[in-house]
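First comes the structure, then the notes that go with it.
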Amino acid sequence: MNISTNTISVLKNFSSINQSLAVDAGNTIRTISPQKTVMAVAQVDDTFDSSFAIYDLNQFLSAVSLFEKPDYEFEDQSVVVANGTSSIRYFFADRNMVTIPPEKAINLPDVQVEFELSADTFKKTMAAASVLQAPHWSVVGNSSEIAIEVGDVKNDTSNKYRAVVGETDQDFDLVFKVDNLKLMENDYTVRVSSKGISHFATEKGALEYFIATESR
């Protein structure tokens, strides 16, 4: 079988969340961070006929990058990645060695805020976090505007970047660790619960992230 460029991009993104990955038969790929603070679910272009697990996803992707448009032959214990006369046999890991996310859908209780987050706005906030060396990305409501604020919530005098993303009649301050925001570049509908969990989803729900919020 072939694996599309989009699926490879998803795998690269998921490797930033967890270096290990278990894939079930079908076209849905899930991952969860070792700390279980980030979970991601993607509906990909390709359908896998069988389940497998990879212990070092970055190594696997580096091996795949040695080939241009390779063919993948999945076997019980390994996959053969080949192009022309060259190939790599890459062995799967035992699924017991991989942190496997729950299949049950997560329901967000008590959603406090919902807004649209454009790819451009998210990119700028993350660039600001890098420039300012800011550890926190917050969704803040002041009874008028919803804004993303990037800074250090533990330091009142820290430099802060602010971007307005919507309107609200509520007051809230919902904090994320910048390190947990491992999102692919897309537009997202964001829903944040007061119970410590959030949901970032693309328009048709093909890509979803569930990310824990932090205490101030």
- Minimal heavy-atom distance between D171 and Q112, with the atoms involved, is O-NE2, 4.0 Å
- Rounded to the nearest 0.5 Å, how far does OG of S51 lie from CG of D24? 4.5 Å
- Task: Consider only side-chain heavy atoms of I, L, V, M, F, W and Y, link residues closer than 4.5 Å, and tell whether V178 and V165 are in one cluster.
- Result: yes
- Note on the structure: Between F14 and A42, the two heavy atoms sitting closest are CZ-CB, 3.8 Å
- Joint cluster assignment, L132 & I148, ILVMFWY side-chain distance < 4.5 Å: yes
- Message: Does any part of the side chain of V80, heavy atoms only, come nearer than 4.5 Å to the side chain of I88, both counted from C-beta?
- Response: no
- Item | For the student: nearest non-hydrogen atoms of A128 and Y161, plus distance | CB-CG, 3.5 Å
- Message: Parallel, tilted or perpendicular: which one describes the rings of F122 and W137, with boundaries at 30° and 60°?
- Response: perpendicular
- Please step through side-chain contact (heavy atoms from CB on, under 4.5 Å) for the pair V38 and K182, ending with a clear verdict. CA-CA 9 Å; V38 182; K182 308 292 189 180; 5.5 Å; no
- Side-chain touch N186/F200, heavy atoms, less than 4.5 angstrom: no
- Item | Smallest separation among heavy atoms of A134 and V150, with atom names | CB-CG1, 3.7 Å
- Task: Check the surroundings of atom CG in D110: do more than 12 heavy atoms from other residues, nucleotides or ligands lie under 6.0 Å from it?
- Result: yes
- Note on the structure: In terms of heavy-atom contacts, V98 and A22 come closest through CG1-N, 3.7 Å
- Query: Can you tell me how far the CD1 atom of I211 sits from the OG atom of S33, to the nearest 0.5 Å?
  - Reply: 9.5 Å
- Message: Run the side-chain contact (heavy atoms from CB on, under 4.5 Å) test on Y209 and N13 for me, step by step, so that the C-alpha distance in whole Å, both residues' side-chain angles and the decisive distance to 0.1 Å come before the verdict.
- Response: CA-CA 11 Å; Y209 297 86; N13 174 250; 2.7 Å; yes
- Message: A side-chain contact here means heavy atoms from C-beta on lying under 4.5 Å apart; do M126 and L183 qualify?
- Response: no
- Note on the structure: Rounded to the nearest 0.5 Å, the CG atom of D187 sits from the CG atom of L117 at a distance of 8.0 Å
- Message: Let me confirm one number: the CD-OG1 distance from E116 to T189, rounded to the nearest 0.5 Å.
- Response: 3.5 Å
- R30 CZ to L21 CG distance, which is reported to the nearest 0.5 Å: 11.5 Å
- Query: If two hydrophobic side chains count as joined below 4.5 Å and joins carry through other members, does F52 share a cluster with M97?
  - Reply: no
- Taking the side chain as every heavy atom from C-beta outward, state whether Y188 and T202 have any pair of such atoms under 4.5 Å apart. yes
- Give a yes-or-no answer on whether the side chains of N18 and T31 include a donor-acceptor pair shorter than 3.5 Å. no
- Spacing of E68 atom CD and N83 atom CG [to the nearest 0.5 Å]: 7.0 Å
- Query: Which other residues end up in the same hydrophobic cluster as L108, if Ile, Leu, Val, Met, Phe, Trp and Tyr are linked when side-chain heavy atoms come under 4.5 Å apart?
  - Reply: I32, M39, V41, I106, V111, I197, F210
- Task: Mark yes when over 12 heavy atoms from residues, nucleotides or ligands other than Y55 sit less than 6.0 Å from its OH; otherwise mark no.
- Result: no
- Message: Does atom CD (E75) have a neighbourhood of more than 12 heavy atoms from anything else shown, all under 6.0 Å?
- Response: yes
- Message: Just to verify, what does H136 make a ring pair (Phe, Tyr, Trp, His ring centres under 6.0 Å) with, not counting sequence neighbours?
- Response: none
- Query: Would you say the side chain of E214 lies within less than 4.5 Å of the side chain of V153, judging by non-hydrogen atoms?
  - Reply: no
- Query: So, do Q43 and T28 sit near enough that their side-chain heavy atoms are less than 4.5 Å apart?
  - Reply: yes
- Message: Between V175 and V113, is there shared hydrophobic-cluster membership here, with clusters defined by ILVMFWY side-chain heavy atoms closer than 4.5 Å?
- Response: no
- Message: Does Q170 have more than 12 heavy atoms from other residues, nucleotides or ligands lying within 6.0 Å of its CD?
- Response: yes
- Query: Taking atom CG of D94 as the centre, does the number of heavy atoms from other residues, nucleotides or ligands within less than 6.0 Å exceed 12?
  - Reply: yes
- Task: Indicate whether the side chain of S4 and that of D46 have a donor and an acceptor atom separated by less than 3.5 Å.
- Result: yes
- Excluding sequence neighbours, so at least two apart, what forms side chain to side chain contact (heavy atoms under 4.5 Å, CB included) with I8? I3, L11, K12, L61, V64, Y72
- Taking all heavy atoms of A212 and all of F176, pick out the closest pair and write down the distance. O-CD2, 3.9 Å
